[in-house]
Amino acid sequence: MPKRVFFIPGTMCNEQLWSPVIDELKGIYTPEHLAIPNHLTFEQIAQQLLAQLPDEKVNLVGFSLGGYIASYLACYHSERVEKVLVVANSPSNLSEHEINQRQSLMSWVKSHGYSGMTRKKASNYLDEPSTETHSSPNRESIIWQILAMDRQLGQETLLSQMLNTTHRENLLTGLADTEISVTLYASERDPLVNWPWIEELNCLAPHHKIIKTQGRGHMLPLEKPKELAKHIKTWLSCI
């Protein structure tokens with residue numbers, strides 16, 4: 001029977017995020033999507049996701065916010081987790097700058113409503129055009145996918161995620177101490193990833209695996225699906 005793999009998306013992302021990766025895994029593994037529920041704390045999110053999972057240890061792949069949630073499950077509900085692959089995230093506190101940006105966004109949306117992410121903001125999550133490879137999906141198509149996910153989830157999800165998932169616990173000690181196998185995969189210049197934090201984790205827990213990819217792109221499931229799928233296959237083959 002193919003191994004089951006559970007995928008958790010990031011902020012303002014849904015199952016479309018994983019489509020290019022899942023296409024690479026079809027027939028080999030059984031990918032299943034876990035949506036992030038609204039209006040819940042991290043522990044409440046964990047409990048709701050655990051209720052959807054089989055009563056056994058599972059393999060979790062989490063992108064960005066989903067990577068933090070997968071790491072939280074590994075730290076606080078390790079009896080239910082087999083392995084974790086964290087994509088484009090360093091499971092720690094957000095920077096003061098990012099927290100301030102989120103608070104400003106919440107204030108604006110509450111006063112003026114949410115008309116959707118701008119194309120410029122979506123493009124900022126991607127690698128520079130000059131560093132794209134011929135095998136990468138079309139940049140304009142990726143921007144469209146980001147905007148489409150944002151539009152589908154809308155204002156309620158945005159405010160929920162800004163309110164309930166901005167203040168995060170530093171999971172460094174928990175991940176360093178866990179016996180669960182943890183792999184972190186991120187772009188070497190992703191401004192949303194705290195590489196000094198990852199390097200500290202690597203010093204404390206050298207048995208965890210760190211994979212660094214070129215560029216600054218954050219949306220790796222859309223930008224580098226073949227590369228990510230290759231790492232997932234290697235990650236699962238080590239069970």
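Predicted model only: the values in this text are computed from it and were never measured.
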Distance alone, cut at 3.5 Å: any donor-acceptor contact between the side chains of Arg102 and Thr166? yes

Gap between atom CG of Leu65 and atom OG1 of Thr165 - 0.5 Å precision: 4.5 Å

Test your reading of the model: is there a side-chain donor-acceptor pair from Ser90 to the backbone of Trp195, 3.5 Å cut-off? no

Is there a donor-acceptor contact under 3.5 Å from the side chain of Arg189 to the main chain of Gly217? no

Identify which one of Asn38, Asp150, Asn14 satisfies the side-chain hydrogen bond (donor to acceptor under 3.5 Å, both in side chains) criterion when paired with Thr157. Asn38

Out of Glu56, Glu82, Glu32, which one pairs with Arg4 under the side-chain hydrogen bond (donor to acceptor under 3.5 Å, both in side chains) rule? Glu32

Would you mind telling me which of Gln152, His33, Gln145 makes a side-chain hydrogen bond (donor to acceptor under 3.5 Å, both in side chains) with Gln16? Gln152

Donor on one side chain, acceptor on other, Tyr76 and Glu169, under 3.5 Å: yes

Looking at Thr41 and Gln44, would you say the former's side chain and the latter's main chain have a donor-acceptor pair under 3.5 Å? yes

Judged by atom type as modelled, is there a donor-acceptor pair below 3.5 Å linking the side chain of Arg80 to the main-chain atoms of Pro54? yes

Quick one: are the ring centres of Phe42 and Tyr68 less than 6.0 Å apart? yes

Taking the ring centre of each residue, are Trp235 and His231 less than 6.0 Å apart? no

For the residue pair Glu188 and Thr213, confirm or rule out a side-chain donor-acceptor distance under 3.5 Å. no

If the plane angle is over 60° it's perpendicular, under 30° parallel, otherwise tilted; pick one for His218 and Tyr125. tilted

Assess the side chains of Glu43 and Gln47: does a donor N or O sit below 3.5 Å from an acceptor N or O? yes

Report the C-alpha distance between Glu98 and Ser95 in whole Å, list the side-chain angles of each, state the deciding distance to 0.1 Å, and finish with yes or no for side chain to side chain contact (heavy atoms under 4.5 Å, CB included). CA-CA 5 Å; Glu98 189 170 353; Ser95 69; 3.5 Å; yes

Tell me whether Ile210 shares a hydrophobic cluster with Val86, the cluster being built from Ile, Leu, Val, Met, Phe, Trp, Tyr side chains joined at under 4.5 Å. yes

